[in-house]
Asker: 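To start, I am sharing the structure in question, which I have written as structure tokens.
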Amino acid sequence: MRILIAGNWKMNTSLSEAVNLVKEMLSGLDEVTGVDKVICPPFISLAAIKEIIRGSSVKLGAQNVYFEEKGAYTGEISPLMLSGLCEFVIVGHSERRQYFKENGELVNKKIRAALKAGLKPILCVGEQLAENEAGQTEAVITRQLKSALENIAYNSELVIAYEPVWAIGTGRAATSEQANNIIGLIRNNMAKLYNKESAEQVRILYGGSVTAANATELIQKPEIDGALVGGASLKANDFISIVKQASAITQT
Ligand code: 13P
């Protein structure tokens, strides 16, 4: 499976900061082979960054999308607007679920619309701390996957990211064993929702306090096909290091 490393810049960087950051990391990322490298800056920087990375191996993603194609939805960005601009889109990030009340039904509509527009969704799932402590992780993940993918035919462009909420931005990553186990469980769910082939083929990333210091340990686990990186993707050297580590794993 080809490893995918995606950087989610979240609500950070002005246009000029984003341009500078991508210029700082571009050649370092571009020279790494065998790994898919995706950066997901804020919407306002997508067009400028698209031009800067043109001709390189670095790919672009958005952090969110609405499900309607166009119309009176003030402030929203449609899949059609993104389809000429970027290749990937993050859908159902826990911050969107938590702060913007996105539920399974909305996430489902967004995945459906993204795929229809030819975008590659990175569907995020993950349990909160209280759910984890109550032993509900498996139930939460199963429910989130089922609702997000309900009545959607399997599409090989779909990427899933397991992001336990308690590990995001806390500096407390899941252990590689924990992440590997839950991602295995996500794969079992995909086999039930679709079939064995889809479950084996779908790329499932881990996200939550991935750094240059723990990337190899996490990504080398058999079920983990890459990483969705937040904070460390805003530091050029750290993000390049994570991508290089992924490439080294690919070559072993
Ligand atoms: P951190 O890497 O900052 O914990 O964020 C993870 C994340 O939410 C990526 O989408």
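Read the numbers this way: they start at 1 and go in the same order the structure lists the ligands and their atoms.
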Asker: Will you find, in the side chains of Asn132 and Glu127, an N or O donor that is under 3.5 Å from an N or O acceptor?
Answerer: yes
Asker: Ignoring angles and geometry beyond distance, decide whether Gly169 reaches within less than 3.5 Å of ligand 1 through its nitrogen or oxygen atoms.
Answerer: yes
Asker: Closer than 4.0 Å to some heavy atom of Glu163 - which atoms of ligand 1 meet that?
Answerer: 6 (C), 7 (C), 8 (O), 9 (C), 10 (O)
Asker: Select one of side chain, backbone, both or neither to describe which atoms of Ala167 lie under 4.0 Å from any atom of ligand 1, heavy atoms only.
Answerer: backbone
Asker: Are any non-hydrogen side-chain atoms of Phe43 and Met81 less than 4.5 angstrom apart?
Answerer: no
Asker: If you measure every N or O of Glu95 against every N or O of ligand 1, does any of those distances drop under 3.5 Å?
Answerer: no
Asker: Taking Glu177 first and then Lys221, would you say they form a salt bridge - that is, a charged N and a carboxylate O separated by under 4.0 Å?
Answerer: yes
Asker: In terms of residue, atom name and distance, what is the protein heavy atom nearest to atom 5 (O) of ligand 1?
Answerer: Lys10 NZ, 3.2 Å
Asker: Going by the atom numbers of ligand 1, which of them fall below 4.0 Å from some non-hydrogen atom of Ser209?
Answerer: 1 (P), 2 (O), 4 (O)
Asker: How many angstroms lie between CD in Glu150 and CZ in Arg112, if you round to the nearest 0.5 Å?
Answerer: 9.0 Å
Asker: Do Leu149 and Leu123 have side chains that get closer than 4.5 Å, going by heavy atoms?
Answerer: yes
Asker: Between the side chains of Ser27 and Glu31, does any donor sit under 3.5 Å from an acceptor?
Answerer: no
Asker: Please name the pair of heavy atoms, one in Cys86 and one in Leu60, separated by the smallest distance, quoted to 0.1 Å.
Answerer: CB-O, 3.4 Å
Asker: So is there a nitrogen or oxygen of Thr170 less than 3.5 Å from a nitrogen or oxygen in ligand 1?
Answerer: no
Asker: To check your reading of the model: name the closest protein heavy atom to atom 3 (O) of ligand 1, its residue, and the distance in Å.
Answerer: Gly231 N, 2.8 Å
Asker: Identify the closest protein heavy atom to atom 2 (O) of ligand 1: which residue and atom is it, and at what distance?
Answerer: Gly230 N, 2.9 Å
Asker: Using non-hydrogen atoms of the residue, decide whether Gly208 is closer than 4.0 angstrom to ligand 1.
Answerer: yes
Asker: With Lys120 as the cation and Phe88 as the aromatic partner, state whether NZ or CZ is under 6.0 Å from the six-membered ring centre and within 45° of the axis.
Answerer: yes
Asker: Any idea which atoms of ligand 1 are less than 4.0 Å away from a heavy-atom of Leu228?
Answerer: 9 (C), 10 (O)
